Amino acid sequence: MGAYQPSMLDLETEARLGPLAGGLRRHPLSRGAWVDHLPGWVGGSEPVLETLLHEVDWRAERREMYDREVDVPRLLRWYDGDEPLPHPVLTQARARLSEHYAAELGEPFVTAGMCLYRDGRDSVAWHGDTNGRSSRFDTMVAIVSFGSPRPLLLRPRGGGSSLRFPLGHGDLIVMGGSCQRTWEHAIPKTARPVGPRVSVQFRPVGVS
């Protein structure tokens, strides 16, 4: 795993959440999809990253692809609603997001999926989170990013020009509306030397 260099702008010793109202910027997409983006929502996020890197029991997985079994190019961990999250600020973040989006979403965020991108060779291919209810209904997936910046790319399902959202330490992005059905997203590989990044994805029950 590459070495992570903490930002000189985020050396607080205690993690804290900034306000959501007034900070989130909504980006309307096509076909009823949208993305909310808020850089630096989690301040003092260095202790959160250290906990995620060193105290989470990350799991390597293999999947069938093109008629053969391959390593998933990232490490994974899934927390259902009954399992404590590894850092209290993540529990606070899930509750704050549930409260903020209650009127639009109509239900709370419950599960937390986590991905560890160890270096620039780790990635996730173009996809939508369409396992479960999101294959038929509008929903939301909220992602908080910790560690080295990596871009999240989005493009219309079926092809088209892509959008690029740079996700840095403590940044929040929320994909909503029809986004999981009508758009795809990806974290591409990079040849640049980058340190580890952890993506924490909050979802309602039945969305994966």
Side-chain angles (χ1 to χ4, degrees), residues 1-27 35-59 74-105 107-120 122 124 140-152 165-176 187 192-205:
M1 190 186 302
Y4 173 73
Q5 296 296 324
S7 168
M8 296 302 293
L9 301 177
D10 189 20
L11 292 180
E12 300 177 53
T13 57
E14 185 173 344
R16 55 171 180 76
L17 300 176
L20 289 170
L24 280 166
R25 180 185 174 192
R26 179 154 297 187
H27 302 263
V35 168
D36 282 353
H37 187 211
L38 177 55
W41 181 45
V42 184
S45 49
E46 203 62 33
V48 185
L49 177 64
E50 289 299 312
T51 296
L52 295 174
L53 290 178
H54 302 297
E55 298 183 23
V56 171
D57 53 335
W58 294 103
R59 301 165 185 178
R74 58 197 175 279
L75 301 181
L76 305 170
R77 181 66 162 89
W78 178 266
Y79 292 82
D80 63 27
D82 296 325
E83 188 172 7
L85 298 179
H87 194 285
V89 82
L90 299 179
T91 306
Q92 297 165 18
R94 182 172 59 187
R96 189 82 63 84
L97 289 163
S98 294
E99 179 183 8
H100 180 82
Y101 286 105
E104 283 185 287
L105 183 57
E107 59 182 321
F109 293 97
V110 176
T111 65
M114 299 186 187
C115 297
L116 170 55
Y117 301 86
R118 293 158 289 188
D119 53 36
D122 280 353
V124 62
M140 297 184 197
V141 177
I143 299 173
V144 188
S145 184
F146 298 96
S148 294
R150 296 285 294 271
L152 175 72
F165 288 89
L167 293 184
H169 204 22
D171 291 358
L172 168 68
I173 193 164
V174 182
M175 296 178 283
I187 302 287
R192 295 186 299 104
V194 295
R197 169 191 180 252
V198 177
S199 167
V200 180
Q201 312 114 37
F202 297 113
R203 298 179 176 90
V205 169

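Just so we're clear, the structure is a prediction, and the values are computed from it rather than from any experiment.
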Flag for Glu46-His169: side-chain donor and acceptor within less than 3.5 Å: yes
Which residues share a salt bridge (Lys or Arg N to Asp or Glu O under 4.0 Å) with Arg197, sequence neighbours left out: none
Rounded distance (nearest 0.5 Å) linking atom CD of Gln201 with atom SG of Cys115: 4.5 Å
Distance (rounded to the nearest 0.5 Å) between Trp78 CH2 and Glu83 CD: 11.5 Å
Criterion side-chain contact (heavy atoms from CB on, under 4.5 Å) on Arg25 and Val35, from CA distance to verdict: CA-CA 8 Å; Arg25 180 185 174 192; Val35 168; over 6 Å; no
For Ala15 against Val42, the heavy-atom pair lying closest together: CB-CG1, 4.5 Å
Any Val205 side-chain heavy atom under 4.5 Å of Phe109 side chain: no
Atom of Pro86, atom of Leu52 and distance for their closest heavy-atom approach: CG-CD2, 3.8 Å
Ring geometry between Phe165 and His27 (parallel below 30°, tilted from 30 to 60°, perpendicular above 60°): perpendicular
Heavy-atom neighbours of Glu99 CD exceed 12 at 6.0 Å: no
Derivation and outcome, side-chain contact (heavy atoms from CB on, under 4.5 Å), residues Met175 and Ile143: CA-CA 8 Å; Met175 296 178 283; Ile143 299 173; 3.7 Å; yes
Heavy-atom closest pair, residues Arg150 and Asp119: NH1-O, 3.2 Å
Side chain to side chain, Val198 and Leu53, heavy atoms closer than 4.5 Å: yes
Nearest atoms (heavy-atom pairs only) where Ala142 meets Leu97: CB-CD1, 3.8 Å
Trace of the side-chain contact (heavy atoms from CB on, under 4.5 Å) decision for Leu172 with Leu20: CA-CA 10 Å; Leu172 168 68; Leu20 289 170; 3.6 Å; yes
Pair Tyr79-Val110, side-chain contact (heavy atoms from CB on, under 4.5 Å): steps then yes or no: CA-CA 9 Å; Tyr79 292 82; Val110 176; over 6 Å; no
Value rounded to 0.5 Å, distance of CH2 in Trp41 from CZ in Arg16: 12.0 Å
Spatial distance of atom CG (Leu85) from atom OG1 (Thr111) [nearest 0.5 Å]: 9.5 Å
Note, Tyr117 side chain near Val124 side chain (heavy atom, < 4.5 Å): yes
Lys/Arg N to Asp/Glu carboxylate O, Arg77 vs Glu55, below 4.0 Å: no
Heavy-atom side-chain contact between Arg118 and Pro196 under 4.5 Å: no
Reported CZ-to-CE distance for the pair Phe202 and Met114, which is rounded to 0.5 angstrom: 6.5 Å
side-chain contact (heavy atoms from CB on, under 4.5 Å) partner of His37, the single match among Leu152, Leu167, Val174, Leu24: Leu167
Minimum heavy-atom distance Asp36-Tyr101, with the two atoms named: OD2-OH, 2.7 Å
Donor-acceptor contact below 3.5 Å, side chain Ser98 vs main chain Pro108: no
Spatial distance of atom CG (Leu116) from atom CG (Leu75) [nearest 0.5 Å]: 5.0 Å
